[in-house]
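Accompanying notes for the structure given below.
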Amino acid sequence: ATLFRSRLAEDAEWRPPAGPPVPVRVIASTPDRTLEGFAMPLVTAVLTITVRVADVPDPEGGAFLIRGTPYSVQPGARRGVTGLTWTIGLEPME
């Protein structure tokens, strides 16, 4: 919980599929992802966030507003080892 109060975390808005937006704190990162199936592997950066399960009980189907940019939740959100956080891949909404 302390990590989400630190400068590593930033303010964001969780937009569930139903209901009003919810202010949350997220830790954003952009790890590389390797895409296979091409003549050579393609490496691309992906926006990934960590957010508390207490703030976002079920991320599927929702969206986040981070730094004024809306992002859709990608399939495959994973809970952390302790079950207290989600690691969620995001895609910019067009």
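For the pairing with Ile49, the side-chain contact (heavy atoms from CB on, under 4.5 Å) check across Val73, Val24, Ile66, Val56 returns one residue only, Ile66.
Heavy-atom minimum distance, Asp58 versus Trp14: O-CZ2, 3.6 Å. Pairing each heavy atom of Pro21 with each of Pro16, the nearest pair is CA-CD, 4.4 Å. Contact detail for Pro70 and Leu65: the closest heavy-atom pair is N-CD1, 3.6 Å. For Ala77 against Glu60, the heavy-atom pair with the smallest separation is N-OE2, 3.6 Å.
In the hydrophobic cluster analysis, where Ile, Leu, Val, Met, Phe, Trp and Tyr join through side-chain heavy atoms closer than 4.5 angstrom, Met93 is grouped apart from Ile88.
Looking at Thr85 and Arg79, their side chains never come closer than 4.5 Å, going by heavy atoms from C-beta outward. In this structure, the side chains of Val26 and Glu10 come closer than 4.5 Å at one or more pairs of heavy atoms.
In this structure, CG on Leu90 lies 6.5 Å from CZ on Phe64, to the nearest 0.5 angstrom.
Because its NZ or CZ atom is not both nearer than 6.0 Å to the ring centre of Trp86 and within 45° of the ring axis, Arg78 does not count as a cation-pi partner of that residue.
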